[in-house]
Amino acid sequence: MARLEAVPDFAAPQASLEQYRTPPEVAADLLWEAHHEGAVTGRDVLDLGCGTGMFSLGAHLLGASSVTGVDVDGAALEVASAIVPGEFVAADVAQWQPPRTYDTVFMNPPFGAQQRGADRPFYACAAAAVDRRGTCWFLAQPRTERFLGGQAHALGASLERVRSWKYPIEARFPFHERPVQVFEVAGYRMAWE
Ligand code: SAH
């Protein structure tokens with residue numbers, strides 16, 4: 001999974017979309033958790049808010065039968081489609097209607113720091129995309145766990161925290177006051193079974 005290091009960062013990150021490339025080691029850990037459960041190899045994988053393709057590439061390397069990425073940012077999608085064989089769709093997850101069913105979803109949605117509730121449509125989209133039969137692996141702040149549990153419950157899913165990391169975020173937007181801010185991020189598994 002060292003190959004995930006090669007995924008480019010956003011060329012011009014947009015704060016309003018909370019564009020942060022997931023650190024490769026964090027993405028690799030979450031991908032492995034899913035892989036150990038048989039959720040990647042030979043599966044149809046969807047990467048919501050795929051950005052430059054971090055989870056898409058990981059899923060491809062682990063032998064997913066298909067990889068589909070969705071993002072609103074066309075420039076990021078171009079990067080992703082250049083490094084990962086897959087289908088990349090320019091769309092807002094709040095509007096996108098999954099044209100088919102997927103087995104497994106990965107996502108590192110906006111944490112809602114810039115726009116409250118920006119992560120909400122991601123859970124609903126994931127639920128629709130797996131047609132309530134697969135799993136969704138995602139990153140979120142553990143302090144929002146109660147909210148996440150409520151979202152899962154409303155969608156008929158179970159929620160489990162699988163990992164947590166100290167996740168460094170380097171200053172990249174004008175409102176960032178410190179060069180590196182470390183905050184805790186957790187990996188979750190939402191499942192319909
Ligand atoms: N998955 C990538 C990027 C995470 S950053 C990685 O792990 O590195 C969050 C991503 O969600 C950005 O690429 C941003 O453009 C995208 N995004 C934010 N809101 C979105 C929305 N409503 N619909 C689709 N994509 C969205």
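In each ligand, atom 1 is the first atom listed, and ligand 1 is the first ligand listed.
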Tyr102: ring-ring contact (aromatic ring centres under 6.0 Å, His included) partners, not counting sequence neighbours
none

In terms of side-chain geometry, is the basic nitrogen of Arg100 or Asp44 positioned less than 4.0 Å from the acidic oxygen of its partner?
yes

What short N/O contacts, under 3.5 Å, does ligand 1 make with the protein, listed by atom pair and distance?
{"unit_1": "ligand 1", "atom_1": "1 (N)", "unit_2": "Gly49", "atom_2": "O", "d": "2.8"}
{"unit_1": "ligand 1", "atom_1": "1 (N)", "unit_2": "Cys50", "atom_2": "O", "d": "3.4"}
{"unit_1": "ligand 1", "atom_1": "7 (O)", "unit_2": "Thr22", "atom_2": "OG1", "d": "2.5"}
{"unit_1": "ligand 1", "atom_1": "8 (O)", "unit_2": "Thr22", "atom_2": "N", "d": "2.9"}
{"unit_1": "ligand 1", "atom_1": "13 (O)", "unit_2": "Asp71", "atom_2": "OD2", "d": "2.6"}
{"unit_1": "ligand 1", "atom_1": "15 (O)", "unit_2": "Gln19", "atom_2": "NE2", "d": "2.9"}
{"unit_1": "ligand 1", "atom_1": "15 (O)", "unit_2": "Asp71", "atom_2": "OD1", "d": "2.7"}
{"unit_1": "ligand 1", "atom_1": "22 (N)", "unit_2": "Asp92", "atom_2": "OD1", "d": "2.9"}
{"unit_1": "ligand 1", "atom_1": "23 (N)", "unit_2": "Val93", "atom_2": "N", "d": "2.9"}
{"unit_1": "ligand 1", "atom_1": "25 (N)", "unit_2": "Val72", "atom_2": "N", "d": "3.4"}

Please list, chain by chain and in numerical order, all residues satisfying salt bridge (charged side-chain N to carboxylate O under 4.0 Å, His left out) with Arg120, sequence neighbours excluded.
none

Please list all pairs passing the salt bridge (charged side-chain N to carboxylate O under 4.0 Å, His left out) test where one or both residues lie in residues 155-168, with sequence neighbours left out.
Asp29-Arg163, Glu33-Arg163, Glu145-Arg161, Glu160-Arg189

Checking ring pair (Phe, Tyr, Trp, His ring centres under 6.0 Å) for the pair Phe138/Tyr123: CA distance, chi angles, key distance, verdict?
CA-CA 9 Å; Phe138 66 99; Tyr123 309 118; 5.3 Å; yes

Taking atom CZ of Arg132 as the centre, does the number of heavy atoms from other residues, nucleotides or ligands within less than 6.0 Å exceed 12?
yes

